[in-house]
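The residues of the chain are indexed from 1 along the displayed sequence.
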Amino acid sequence: MSPLAGPSATPEAPIPFPFPPSPSIFHPQPELAELRQNRPVAQVQLPDGKTAWLVTRYEDVRQVLIDPRFSRAAATGPAVPDVGLGQAAADSILSLDPPDHTRLRRLVAGAFTARRAEALRPRVTKLVDELIDRLLTLPQPADLVENFSLPLPIQVICELLGVPTADRHLFREWSDTVMSDTTRDPREIDAALEQLGEYFGRLIASKRAKPDDGLITALIAARDEQDRLTEKELVRLCFTLLVAGHETTANQINMFLLTLHEYPEQLERLRARPESIPQAVEELMRFVQLGSGGAGLPRVTTEDVELSGVRIPAGSAVFPVMSAANRDPAAMADPDRLDVTRSLTAHLGFGAGPHHCLGAQLARLELQEALRGLLTRMPGMRIAVPVEELPFKEGMLLNSLRTLPVRW
């Protein structure tokens with residue numbers, strides 16, 4: 001029986017949440033579409049008994065993301081429900097409101113502008129070609145995760161920050177632990193955060209002694225010479241940029257390819273018209289189900305707020321559901337259809353407002369070049385096993401593949 005059916009669906013009774021996993025990795029849970037249609041602002045109850053409000057319509061979700069009355073800083077306390085990433089977000093730029101959020105974001109925003117990202121395109125293109133060159137020498141089937149989709153964003157963010165790529169094996173496991181959902185033992189997440197902090201403490205010390213032209217060195221100067229952030233903020237900002245700078249992009253590459261192979265007519269259209277790849281990236285950002293939990297990071301209302309005619313009291317936790325918002329028929333025509341030539345005016349794949357993805361322009365560039373390289377240089381590439389047999393990591397906030405075997 002649907003969790004929206006029966007007595008729990010009355011306006012006064014919270015709906016049990018999270019919902020069961022979607023029957024398909026290519027579409028959100030059906031309960032989200034039902035809510036968006038009938039109860040777009042619905043109170044839900046989590047397994048620990050805490051309640052929150054689930055917001056599913058595009059315009060409402062966008063308001064939650066941009067309206068300062070929905071606070072991220074107020075959402076880090078123990079009374080606020082957590083569907084994952086709560087421990088990692090605490091004391092980081094992810095958990096701040098302006099002006100503190102603005103202060104830290106300004107320190108790094110210049111490295112992630114559209115102009116700076118475009119200047120990196122030749123380097124990213126070169127990395128894509130090098131990875132494909134090596135991939136083509138491997139026995140088939142070859143693992144795309146280990147040999148392409150993971151090393152590409154790791155190399156890019158490491159070069160940008162000034163982190164040794166050779167240390168990839170150290171921070172990879174810590175990153176996986178930090179990106180876990182609430183089924184992971186909190187002590188494991190704390191241990192991973194501590195190890196990340198210790199690693200960056202050592203790296204920062206070495207760059208103080210021997211500066212380079214990476215972003216970490218620039219942040220050290222902002223700390224030591226201008227006192228624009230604390231030492232703790234410096235460490236947390238560095239490892240947040242590292243984890244966020246590769247984890248989502250690697251998973252997006254994998255899920256984009258899986259989705260295109262699920263819709264072969266769209267894949268062929270893109271192969272025939274590679275000039276539409278930038279457009280396709282935006283459509284895939286909208287369509288692809290990257291997150292497995294359904295809800296984004298919570299906000300807490302600082303005063304009573306009304307959304308879609310529903311009054312949300314001050315002090316309430318609110319979960320914006322970007323996957324549901326990106327399938328809202330009020331925001332775009334035929335939203336459950338993938339169309340790589342769709343002209344999108346907006347989507348929430350990168351969020352919105354103060355916490356709009358800092359690395360959105362860099363991610364767009366990497367995704368464009370990854371698709372361009374794979375589709376033009378490996379036009380016969382195909383997934384080597386049925387989708388239902390692919391090994392996804394369990395207990396992750398993102399749809400994270402262990403391996404993606406491909407042939408060409």
Practice item. Over all heavy atoms of both residues, which pair between Thr302 and Pro68 is shortest? Give the atoms and the distance, please. Key: OG1-O, 4.3 Å
Study note, to complete from the structure: Heavy atoms of Leu138 and Trp408 approach each other most closely as O-CZ2, 3.7 Å
**Study point:** Other residues, nucleotides, ligands: >12 heavy atoms within 6.0 Å of Glu198 CD
**Key:** yes
Check your understanding: Taking everything shown except Arg106 itself, do over 12 heavy atoms lie less than 6.0 Å from its CZ?
Key -> no
Review point. Are there more than 12 heavy atoms of other residues, nucleotides or ligands under 6.0 Å from atom CZ of Arg62?
Key: no
Review point. Atom CG in Leu32, atom CZ in Arg327: separation rounded to 0.5 Å?
Key: 10.5 Å
Check your understanding: If we only count heavy atoms from C-beta on, is the Ile383 to Arg407 side-chain gap below 4.5 Å?
Key -> no
Practice item. Give a yes or no on whether Glu231 atom CD has more than 12 heavy-atom contacts from other residues, nucleotides or ligands under 6.0 Å away. Key: yes
Practice item. Report, as yes or no, whether the 6.0 Å neighbourhood of atom CZ on Arg121 holds more than 12 heavy atoms from other residues, nucleotides or ligands. Key: yes
Practice item. Indicate yes or no for a side-chain donor-acceptor contact from Thr113 to the backbone of Arg116 under 3.5 Å, with no hydrogens or angles considered. Key: yes
Review point. Is any side-chain N of the basic residue among Arg337 and Asp334 closer than 4.0 Å to the acidic one's carboxylate O?
Key: yes
Check your understanding: Is Glu303 reaching over with its side chain to a backbone N or O of Ala314, donor-acceptor style, under 3.5 angstrom?
Key -> no
Point to revise | Separation between CD1 of Ile154 and CZ of Arg172, rounded to the nearest 0.5 Å | key: 5.5 Å
Exercise for review: List the steps and the verdict of salt bridge (charged side-chain N to carboxylate O under 4.0 Å, His left out) for Glu268 and Arg271.
Suggested key: CA-CA 5 Å; Glu268 290 310 312; Arg271 281 176 172 151; 2.8 Å; yes
Exercise for review: List the steps and the verdict of salt bridge (charged side-chain N to carboxylate O under 4.0 Å, His left out) for Glu130 and Lys126.
Suggested key: CA-CA 6 Å; Glu130 289 173 351; Lys126 185 172 185 293; 2.4 Å; yes
Review point. Side-chain contact, heavy-atom cut-off 4.5 Å: Phe148 with Asn254?
Key: no
Review point. Quick check: does any side chain N or O of Thr102 sit under 3.5 Å from a backbone N or O of Pro98, one acting as donor and the other as acceptor?
Key: no
Point to revise | Option among Glu282, Arg342, Arg286 that satisfies the side chain to side chain donor-acceptor pair (under 3.5 Å) test with His347 | key: Glu282
Exercise for review: Using the side chain to side chain contact (heavy atoms under 4.5 Å, CB included) rule, take Arg184 and Thr177 through it: C-alpha gap first, then chi angles, then the decisive distance, then the call.
Suggested key: CA-CA 8 Å; Arg184 173 84 72 151; Thr177 303; 3.9 Å; yes
Exercise for review: Applying side chain to side chain contact (heavy atoms under 4.5 Å, CB included), run through Arg72 and Leu96 and close with a yes or a no.
Suggested key: CA-CA 6 Å; Arg72 273 293 302 134; Leu96 297 176; over 6 Å; no
Point to revise | 4.5 Å side-chain heavy-atom contact, Val55 and Val321 | key: no
Review point. Is the CZ atom of Arg273 crowded by more than 12 outside heavy atoms at less than 6.0 Å?
Key: no
Review point. Would Arg39 and Glu34 count as a salt bridge (charged side-chain N to carboxylate O under 4.0 Å, His left out) if you check the C-alpha gap in whole Å, the side-chain angles of each, and the deciding distance to 0.1 Å?
Key: CA-CA 8 Å; Arg39 294 181 62 185; Glu34 190 176 340; over 6 Å; no
Review point. Does any N or O in the side chain of Thr301 come within less than 3.5 Å of the main-chain N or O of Ser316, such that one atom is a donor and the other an acceptor?
Key: yes
Revision key, fill the gap. Separation between CD (Glu233) and CG (Asp100), nearest 0.5 Å, reads 7.0 Å
Exercise for review: Could you tell me whether a side-chain N or O of His246 sits under 3.5 Å from a main-chain N or O of Cys158, the two making a donor and an acceptor?
Suggested key: no
Practice item. Would you indicate whether Arg134, at its atom CZ, is surrounded by more than 12 heavy atoms from other residues, nucleotides or ligands within a distance under 6.0 Å? Key: no
Check your understanding: After noting the C-alpha distance and the side-chain angles of Arg377 and Asp129, does the key distance pass the side chain to side chain contact (heavy atoms under 4.5 Å, CB included) rule?
Key -> CA-CA 9 Å; Arg377 294 196 55 198; Asp129 282 336; 3.4 Å; yes
Check your understanding: Does Ile15 reach the side chain of Gln43, with side-chain heavy atoms less than 4.5 Å apart?
Key -> no
Review point. So how far is it from Leu375 CG to Met381 CE, rounded to the nearest 0.5 Å?
Key: 7.0 Å
Check your understanding: For Phe392 and Ile25, which heavy atoms make the closest approach, and how far apart are they?
Key -> CZ-CD1, 3.9 Å
Point to revise | Gln266 side-chain N/O to Val340 backbone N/O, donor-acceptor pair under 3.5 Å | key: yes
**Study point:** Test log, rule side chain to side chain contact (heavy atoms under 4.5 Å, CB included), inputs Thr341 and Leu270
**Key:** CA-CA 8 Å; Thr341 62; Leu270 200 52; over 6 Å; no
Check your understanding: So, the side chain of Ser400 versus the backbone of Met396: is there a donor-acceptor pair under 3.5 Å, distance only?
Key -> no
Practice item. Kindly state whether the ring of Tyr263 and the ring of Phe287 have centres lying under 6.0 angstrom apart. Key: yes
Practice item. Give a yes or no answer on whether the side chain of Ser71 reaches the backbone of Ala73 with a donor-acceptor pair at less than 3.5 Å. Key: yes
Check your understanding: Within the side chain of Asn147, is there an N or O that forms a donor-acceptor pair under 3.5 Å with the backbone of Ala142?
Key -> no
Practice item. Would you please test Arg402 and Glu389 for salt bridge (charged side-chain N to carboxylate O under 4.0 Å, His left out) and show each step? Key: CA-CA 12 Å; Arg402 294 187 182 277; Glu389 295 180 13; over 6 Å; no
Check your understanding: Do Thr56 side-chain atoms and Ala324 backbone N/O form a donor-acceptor pair below 3.5 Å?
Key -> no
**Study point:** CZ-OG1 distance between Phe26 and Thr259, expressed to the nearest 0.5 angstrom
**Key:** 5.0 Å
**Study point:** Separation of Ile93 CD1 from His355 NE2 (nearest 0.5 Å)
**Key:** 7.5 Å
Check your understanding: Using 30° and 60° as the class limits, which term best fits the ring planes of Phe17 and Phe19: parallel, tilted or perpendicular?
Key -> perpendicular
